[in-house]
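Both counts, for ligands and for their atoms, begin at 1 and track the order of listing. None of these values were measured; they are calculated from a predicted model.
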Amino acid sequence: MTLLRVLSVTSEIYPLIKTGGLADVAGALPAALADCGIAVKTLVPGYPDIIKAMPAADTLLDHPSFFGGPARLLGVTYQGLELLVLDAPHLFARPGNPYLGPDGKDWPDNAVRFAALSRMAADIGLGAIAPLVPDIVHAHDWQAALAPVFLHYHWGPRPGTVMTVHNLAYQGLFPYETLGAVGLPQDAFNVHGLEYYGQVGYLKGGLQFADRITTVSPTYAAEIKTDEGGMGLGGLLRERSAVLSGILNGIDISVWNPATDPDIAARYSAGELSQRPANKVALQQRFGLDPKPDAPLLGVISRLSPQKGLDLLLANVDTILSEGMQLALLGSGDRDLQDGFAAAGKAHPGRIGVVIGYDEALAHLIQAGSDALIVPSRFEPCGLTQLCALRYGTVPIVARVGGLEDTVLDATEAGASATGFKFAPVTAEALSSALRRASVSFHDKPAWQRLQGNGMTTDVSWRNRAGRYAELYHDILATRRIATHQERAL
Ligand code: ADP
Ligand code: GLC
């Protein structure tokens with residue numbers, strides 16, 4: 001295959017800035033794509049954490065005025081990632097969460113901030129840095145979704161475009177006036193363009209105009225074409241279903257590797273599980289749980305948002321107690337859920353341990369020390385924690401939705417090849433019966449060890465998944481008859 005150049009556009013990238021799985025994907029996919037002959041550069045906003053990490057960057061572009069202030073485009077290689085950083089202090093020099101101000105509300109200029117990111121992507125796509133013209137611009141989520149839109153409204157040759165939906169719940173909706181403010185034409189404001197019930201929809205625009213749409217699992221690709229799962233965009237996605245596909249996420253198996261993980265108490269592997277219990281001991285200690293090897297220990301690592309269905313787990317405290325289980329939960333988000341879990345922890349010390357916050361290292365210990373990982377999501381585009389769980393010999397108990405459906409094999413259905421437990425509908429009752437099924441299985445040692453072993457030998461890496469993106473990129477160029485940068489150079 002010919003070498004292709006891709007510009008990936010994302011507002012988060014592991015290990016520099018992360019609020020969720022988007023960062024993990026953006027950080028891990030480039031290396032996997034390199035093995036498929038795809039050279040990826042990633043455009044990211046110059047948040048303080050990113051600027052701090054790269055003192056020795058080259059200045060590739062210098063704009064005295066870009067969306068209301070001076071901006072530079074910096075180029076740097078960071079831990080194997082080829083980064084292009086939009087250093088625009090008036091937009092991005094704000095510490096903390098990339099989207100929220102100190103009051104916990106969206107920054108009022110988010111429309112401009114992420115239009116600027118997308119505009120820069122489009123400019124690079126159109127040759128702003130001559131040696132770096134990409135064949136494909138690949139936009140992730142609403143923050144990058146105007147990139148395909150700007151390229152669509154450009155007159156003349158342009159690179160191919162891909163819009164990947166990591167989560168349809170976040171659409172980037174802004175008032176009508178945004179259109180002019182970010183330099184989009186007035187005629188984009190119609191139902192076949194960016195207009196969404198009187199507002200401007202960034203993600204809608206990307207979905208409308210990208211050459212191809214992908215999402216992060218086949219089941220979610222089907223769900224978002226329905227009225228219920230489409231979150232107001234189901235009709236559009238049905239219309240564009242010929243160019244929509246689901247490509248399952250992988251995880252970075254060098255970051256998530258129980259045999260080398262520096263953040264866990266004792267290292268182990270699929271063939272040698274004898275050290276694994278030391279992690280349970282450490283986890284019980286860390287969460288103030290009773291030091292009981294025989295109590296099934298449930299782990300949760302999650303944003304606390306309605307999507308994740310953790311209210312259903314809170315409604316199951318009685319089941320956890322009556323089954324002799326323990327819970328170690330790490331999460332942050334909705335105030336009500338934080339308070340609810342904190343109160344459950346207080347009411348049942350030794351049985352329910354709760355850490356409210358975001359802690360990457362603790363997430364690793366939970367994966368290594370829990371017996372089962374609970375993911376009761378109402379919808380889940382892919383989900384990464386259940387993939388990490390499989391790799392760590394932690395048995396996933398998941399709702400039967402989206403990528404959870406595609407990545408876990410249920411104990412009752414899959415027989416000898418099962419890897420976990422799935423439940424539907426997504427209700428507290430169905431979760432309760434899944435917990436009880438898991439509890440029975442936990443006390444049947446050979447059955448549980450089979451689940452663990454199957455999980456640990458499941459391929460959750462990007463190795464066999466990145467190729468799907470490579471095929472997609474080639475397909476776009478072939479269909480649109482776009483010459484690759486190599487062919488143009490001949
Ligand atoms: P989403 O992106 O919807 O939050 P994913 O399962 O795709 O869900 O990805 C979540 C990522 O964020 C995983 O890498 C998970 O380990 C991590 N994560 C979520 N919450 C926390 C937390 N409180 N502390 C540390 N890591 C977390
Ligand atoms: C989103 C989704 C999650 C997915 C992640 C990475 O945050 O909620 O399901 O795994 O993106 O694609």
Inset, instruction - Consider every N or O of Asn249 and every N or O of ligand 2, then say whether any pair is closer than 3.5 Å. - result: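 Looking only at distances, the answer is yes, because the N/O contact criterion of under 3.5 Å is met.
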
Inset, instruction - Return yes or no for this condition: an N or O of Cys382 is under 3.5 Å from an N or O of ligand 2. - result: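 Yes; at least one N/O pair falls below 3.5 Å.
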
Does any donor atom in the side chain of [X] or [Y] lie under 3.5 Å from an acceptor atom in the other side chain?
| X | Y | value |
| --- | --- | --- |
| Arg378 | Ser305 | no |
| Arg113 | Asn110 | yes |
| Tyr170 | Gln143 | no |
| Glu405 | Thr219 | no |
| Tyr392 | Asp261 | yes |
| Thr164 | Thr214 | yes |

For [X], counting its heavy atoms only, list the atoms of ligand 2 lying under 4.0 Å from any of them.
| X | value |
| --- | --- |
| Val216 | 12 (O) |
| Asn167 | 8 (O) |
| Pro381 | 2 (C), 8 (O), 9 (O) |
| Val25 | 6 (C), 12 (O) |
| Gly21 | 5 (C), 6 (C) |

To which protein heavy atom is [atom] closest, and what is the distance rounded to 0.1 Å?
| atom | value |
| --- | --- |
| atom 3 (C) of ligand 2 | Glu380 OE2, 3.3 Å |
| atom 15 (C) of ligand 1 | Thr385 CG2, 3.6 Å |
| atom 4 (O) of ligand 1 | Arg303 NE, 2.7 Å |
| atom 6 (O) of ligand 1 | Leu384 N, 2.8 Å |
| atom 8 (O) of ligand 2 | Gln307 NE2, 3.2 Å |
| atom 1 (P) of ligand 1 | Lys308 NZ, 3.4 Å |
| atom 10 (C) of ligand 1 | Gly21 N, 3.7 Å |
| atom 21 (C) of ligand 1 | Tyr358 CE1, 3.5 Å |

Inset, instruction - Determine the sole option in Ile213, Ile476, Val9 for which the side chain to side chain contact (heavy atoms under 4.5 Å, CB included) test with Val162 is passed. - result: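 It is Ile476; the other options fail the test.
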
Legend entry - Residues Phe174, Trp142; criterion ring-ring contact (aromatic ring centres under 6.0 Å, His included); working and verdict: CA-CA 11 Å; Phe174 300 106; Trp142 73 266; 5.7 Å; yes

Inset, instruction - Kindly indicate whether the side chain of Val398, heavy atoms from C-beta on, has any atom under 4.5 Å from the side chain of Glu380. - result: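 A side-chain contact is absent here, since even the closest heavy-atom pair is not under 4.5 Å.
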
Legend entry - contact_flag Gly383 ligand 2 heavy-atom lt 4.0 Å: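 Contact check Gly383 vs ligand 2: positive.
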
Legend entry - Carboxylate-amine/guanidinium contact Asp227 Arg238, below 4.0 Å: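 Yes, charged N to carboxylate O under 4.0 Å.
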
Inset, instruction - Flag the pair Arg437 and Asp410 as a salt bridge only when some basic side-chain nitrogen lies within less than 4.0 angstrom of an acidic carboxylate oxygen. - result: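 Yes, Arg437 and Asp410 are salt-bridged.
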
Inset, instruction - Would you please classify the geometry between the Tyr469 ring and the His138 ring as parallel, tilted or perpendicular, with 30° and 60° separating the classes? - result: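 Aromatic pair His138/Tyr469 classed tilted.
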
Inset, instruction - Measure the acute angle between the ring planes of Phe92 and Tyr47, then classify it against the limits of 30° and 60° as parallel, tilted or perpendicular. - result: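 Phe92 and Tyr47: perpendicular rings.
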
Inset, instruction - Taking only heavy atoms of Ser302 into account, list the atoms of ligand 1 that are under 4.0 Å away from them. - result: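 Selected atoms, number and element: 20 (N).
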
Legend entry - Atoms in ligand 1 flagged as close to Asp24, the criterion being non-hydrogen separation under 4.0 Å: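 Counting from 1, the qualifying ligand atoms are 11 (C), 13 (C), 14 (O).
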
Inset, instruction - Consider ligand 1: state whether an atom of it lies below 4.0 angstrom from any non-hydrogen atom of Gly357. - result: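 Under 4.0 Å: yes for Gly357.
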
Legend entry - Among Ile301, Leu362, Leu304, closest by any non-hydrogen atom to atom 16 (O) of ligand 1: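 Nearest option to atom 16 (O) of ligand 1, by heavy atoms: Ile301.
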
Legend entry - His140, Glu12, His166: member with heavy atom nearest to atom 7 (O) of ligand 2: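 Closest candidate by heavy-atom distance is His166.
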
Side chain, backbone, both or neither: [X] near ligand 1, heavy atoms under 4.0 Å:
| X | result |
| --- | --- |
| Lys18 | side chain |
| Asp359 | backbone |
| Cys382 | neither |
| His166 | neither |

Legend entry - Spatial distance of atom CD1 (Ile356) from atom CZ (Arg335) [nearest 0.5 Å]: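 Interatomic distance, Ile356 CD1 to Arg335 CZ, rounded to 0.5 Å: 10.0 Å.
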
Inset, instruction - Decide if atom CZ of Arg286 counts as having more than 12 heavy atoms of other residues, nucleotides or ligands within a radius under 6.0 Å. - result: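 Open.
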
